[in-house]
Every structure is written in C-alpha cells, then in structure tokens.
Amino acid sequence: MMWWGNYTKVASVDEKESLLSTEEKLRIYEEAIIPKGTCQRCLTALAIAVSLVMGFFLGHAKIPLRAWDSELPGPVGRVHQTWHHNVTFTQPPNTDSETAWKSIIPASGGVIDRAVGDSEISNIAVFHQLECMRTIYVAYYDALESPAMSLSNITEADPNAEGLDLETPVSQRIPVHQVRHCIDYVRQSLMCTADTNLETPDPVTHSTTGWNQEKTCRDFEGIKAWTERHSASENTEALS
C-alpha cells in the first residue's frame, strides 16, 4: 500500500456546491450563461435606441404641443402647395395683370347653368370673391392716381339719406359703393372659410408673410374646370 505524504483530500464538485451560499451559486450561474459585460452593453444599447426614437418623434412633432391642438379643425383640402408672392397680381394694372386676373376667373364669372343649380342661375362663390378682390385692387391704384377725395359724405352721412350720391366713383372705373360691398363681402368670405393652415413666424422679425410655407388647399383648378364645364350658356355677368 502506497502512502502519500502531506496528502489533502480534494473536495468533489458536489461537495463544493454544497458549501456555497445561494447568492454565490446564482452569480456563478449568471457568469457561466451570460458573458461578463454583456448585460451592461445590452442596457446601454437599449437606452441609446430609446433616446433615438424619442428624438425622432419629438423632432417631427408640431410645436407647440398644446391641449387645444386636437380641438383645432385642420385645413380643408387635399392639394398641398407652397405660396409665393406673385407680383403680376399686385403690380399697377396693366396688360399683364389684366391677363393674370382673367386667367383665374371663368369667362362666365362663375355663373353656372340652371340645370346644375337650385335656381335659374347660380354663382360659385369663390369667383365672386375673386372678382371682389380684383375690384379692390383696381380701386386701390385708381385712388393712388386720383386727386384727393373727401370721404365725409361716405363716413358721416346716412347711406339711405336723400341726395347722397353713392354712385360717385373713386375714379371713372370703380363706384364707391361697389368697393365698400367688396370689402365687407371678402371679410365675411374669409371668416366663412376660416383657413386653419399654421404659419411659422420668422425667428428674427417674429412676423409672418405666409410665403414659402406649405399649405393644404382645396383643388381650385378642379373647381374652375368644373365651373367652366357647367357655365351658363348665355354670357351672364357675375352676380354681385
């Protein structure tokens, strides 16, 4: 029989495990299953991913986000366009400006055939509104070029008073009463349509011109084309 000096019995695997606490066993198991540092890397990657997703949605959200946003009706229409200042419509009246204004108003002035409307004739309101804008535009330049005119008989007198001449023109082209009609007609038209497109102010001037920003609009060209297809057969002037 052989005798080994200084012999120490080596504990078996089962004996070693029996000497470990529950916490130590769990730690050893986790280290065996999950490589060291993997948990930390996973948590870091998850945090970065969540941050990127939140940043994307916040960056594309409408600002400011307020409770009333959900209560504000969105703009009506399916056409998206960006507005720019078209000086042809605002320069002093000339051949080019007259051609431009005529191009957006049907020859009938927007009057449609009696077979389409509920009465003998009907007028599509948008073209009446454009005719009024053109009237104000022409009257504006006429007033600039005309001698000074007293407005006392317009602002102080009763419009129904006997002897008041409401046909007195600002110039020879636009009667005063027509301009006044158009100003209030356009006012009520704007309130009726109540455009809710949002316009972002300039960061420097804190004001907005409305130009160079995308708008959601109704299909004006489609409406104009429909009106021209159903225009009154007779050459009827726009209702006013």
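Since the model is a prediction, treat every value here as computed from it, not as a measurement. The analysis underlying the following values was restricted to heavy atoms, covering all of them including side chains, and did not include hydrogens, waters or symmetry mates.
Distance check: Gln178 CD to Glu131 CD gives 9.0 Å after rounding to the nearest 0.5 Å. We find the CG-CD distance between Asn212 and Glu199 to be 11.5 Å, quoted to the nearest 0.5 Å. Here the CD1-CZ distance, from Ile112 to Arg229, works out to 12.0 Å after rounding to the nearest 0.5 Å. Taken from OG in Ser108 to CG in Asn123, the straight-line distance is 7.5 Å, to the nearest 0.5 Å. How far CD of Gln91 is from CG of Asn86: 9.0 Å, rounded to the nearest 0.5 Å. Here the straight-line distance linking atom CD of Gln213 with atom CD of Gln81 works out to 13.5 Å at 0.5 Å rounding.
If you check the side chains of Glu228 and Trp226, you find no donor sitting under 3.5 Å from an acceptor. With 3.5 Å as the limit, one finds a donor-acceptor pair spanning the side chains of Asp184 and Gln188.
Of all heavy-atom pairs between Gln129 and Val186, the closest is O-CG2, 4.2 Å. Taking each heavy atom of His206 and Pro203 in turn, the nearest pair found is CE1-O, 3.3 Å. Listed here is the closest heavy atom pair of Asp96 and Thr88: O-CG2, 3.7 Å. The minimum heavy-atom distance between Thr216 and Asn197, with the atom names listed, is N-OD1, 2.9 Å. The two residues Val179 and Ala139 have their closest heavy-atom pair at CG2-CB, 3.6 Å. Among all heavy-atom pairs drawn from Ile104 and Phe220, the shortest one is O-CZ, 3.3 Å.
Side-chain contact between Val126 and Thr227 is absent, with no heavy-atom pair separated by less than 4.5 Å. A heavy-atom distance below 4.5 Å is not found between the side chains of Lys102 and Arg134. Side-chain atoms of Trp83 and Cys217, non-hydrogen and from C-beta on, do get closer than 4.5 Å to each other. Side-chain contact between Thr200 and Thr208 is absent, with no heavy atoms from C-beta onward closer than 4.5 Å. When side chains are defined from C-beta on, Val79 does not count as touching Arg218, because their heavy atoms never get closer than 4.5 Å.
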Evaluation steps, ring pair (Phe, Tyr, Trp, His ring centres under 6.0 Å), between Trp211 and His85: CA-CA 7 Å; Trp211 307 138; His85 183 193; 5.6 Å; yes
request  = With side chain to side chain contact (heavy atoms under 4.5 Å, CB included) as the test, would you mind laying out the steps for Leu72 and Leu198 before giving the verdict?
outcome  = CA-CA 11 Å; Leu72 180 69; Leu198 299 181; 4.2 Å; yes
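Every ring-ring contact (aromatic ring centres under 6.0 Å, His included) that Tyr185 has, sequence neighbours left out, goes to His128, His181.
Between the side chain of Asp202 and the backbone N or O of Val204, at least one donor-acceptor pair lies under 3.5 Å.
The aromatic rings of Trp101 and Phe89 stand perpendicular to each other, their planes meeting at an angle above 60°, with 30° marking the opposite boundary.
The neighbour count for Tyr141 OH, taken as heavy atoms of other residues, nucleotides or ligands under 6.0 Å away, is above 12. Atom CZ of Arg78 sits in a sparse spot, with 12 or fewer heavy atoms from other residues, nucleotides or ligands closer than 6.0 Å.
Put simply, Leu190 and Phe127 are part of the same group of oily side chains (I, L, V, M, F, W, Y) that touch within less than 4.5 Å, one to the next.
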